[in-house]
Amino acid sequence: VQLQASGGGLVQAGESLRLNCAASGRFSMEAMAWFRQTPGKEREFVAAISWSGESSYYADSVKGRFTISRDNAKKMLSLQMSSLKAEDTAVYFCAGESPAYDGAPYYYSQSERYDVWGQGTLVTVSS
């Protein structure tokens with residue numbers, strides 16, 4: 001199973017951007033999430049969503065501005081980002097918990113919850 005992230009780019013502060021993450025393979029992912037990373041910093045949690053889509057979780061820094069969603073039929077994860085700020089500039093990674101992996105001991109916000117990672121897509125927000 002592989003994840004392919006797309007949709008990154010250069011935008012101005014206050015604008016919106018939508019990231020997508022396509023999953024290949026036979027089975028849908030269980031929990032899925034977005035993380036981001038800037039040079040010299042650890043990867044940080046952005047948002048996560050349960051398999052059903054009924055539960056979603058957000059970092060305080062993006063709550064109210066970002067919305068995570070998924071379409072299991074299309075094996076697609078999305079992140080709608082609005083009111084972007086310069087501090088949102090980062091490489092964004094999508095992550096998934098494959099059916100064969102037991103990520104349940106970890107919170108949705110922990111990277112250990114996920115065993116499959118996409119390659120990252122760069123989002124640059126100019127102020």
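No single ILVMFWY cluster, assembled from side-chain heavy atoms under 4.5 Å apart, contains both Val91 and Leu10. Using a 4.5 Å cut-off between side-chain heavy atoms of Ile, Leu, Val, Met, Phe, Trp and Tyr, with links allowed through other members, Val11 and Val46 fall into the same hydrophobic cluster. Hydrophobic clustering, with ILVMFWY side chains joined whenever heavy atoms are under 4.5 angstrom apart, groups Trp117 together with Phe45.
With Arg65 contributing its side chain and Gln80 its backbone, the two residues share no donor-acceptor pair below 3.5 Å. Judged by distance alone, the side chain of Thr38 and the main-chain N or O of Ala90 form no donor-acceptor pair under 3.5 Å. Side-chain atoms of Asn20 do not come within 3.5 Å of backbone N or O of Met76 as any donor-acceptor pair. Here the side chain of Thr121 pairs a donor or acceptor atom with the backbone of Gly8 at under 3.5 angstrom. A donor-acceptor pair is defined here as one N or O able to donate and one able to accept, closer than 3.5 Å; no such pair exists between the side chain of Ser83 and the backbone of Gly14. A distance-only check finds a donor-acceptor pair linking the side chain of Asn72 to the backbone of Trp51 [under 3.5 Å].
Across all their heavy atoms, Ile68 and Met32 have their closest contact at CD1-O, 4.2 Å. Nearest heavy-atom pair, Leu3 versus Cys21, reported as atom, atom and distance to 0.1 Å: CB-SG, 3.8 Å. Contact record, Asp115 with Ser98: OD2-OG, 2.6 Å, taken as the closest heavy-atom pair. Residues Ala13 and Ser127 share a closest heavy-atom pair of CB-CA, 4.2 Å. The nearest pair of heavy atoms linking Tyr114 to Glu97 is CD2-N, 3.8 Å.
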Which atom pairs, one a donor and one an acceptor, fall under 3.5 Å between side chains of residues 101-112 and the rest of the protein, sequence neighbours left out?
residue : atom : partner : partner atom : Å
Tyr101  : OH   : Glu112  : O            : 2.6
Asp102  : OD1  : Ala104  : N            : 3.2
Gln110  : OE1  : Tyr107  : N            : 2.8

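Considering only heavy atoms from C-beta on, Tyr92 comes within 4.5 Å of Leu79 through its side chain. At a threshold of 4.5 Å between non-hydrogen side-chain atoms, the residues Lys75 and Arg70 do not count as touching. Two residues are said to be in side-chain contact when any heavy atoms from C-beta on lie closer than 4.5 Å; Pro99 and Glu30 meet this criterion. Between Val123 and Leu17 there is a side-chain heavy-atom pair separated by less than 4.5 Å. No side-chain heavy atom of Val125 sits less than 4.5 Å from a side-chain heavy atom of Lys85. The side-chain heavy atoms of Leu19 and Met81, taken from C-beta on, include a pair separated by under 4.5 Å.
In this structure, OG in Ser69 is found 8.5 Å from CG in Asp71, a value given to the nearest 0.5 Å. Separation of atoms CG (Leu77) and OG (Ser28) is listed at 11.5 Å; rounding is to 0.5 Å.
In this structure, Asp60 pairs ionically with Lys63, as a charged nitrogen and a carboxylate oxygen lie closer than 4.0 Å.
Taking a 6.0 Å sphere around CD of Gln119, one finds it holds more than 12 heavy atoms contributed by other residues, nucleotides or ligands.
Between Trp34 and Phe66, a ring centre-to-centre spacing not shorter than 6.0 Å is recorded.
Annotation: cation-pi pair Arg36/Phe93 absent, no NZ/CZ under 6.0 Å from the ring centroid and within 45° of its normal.
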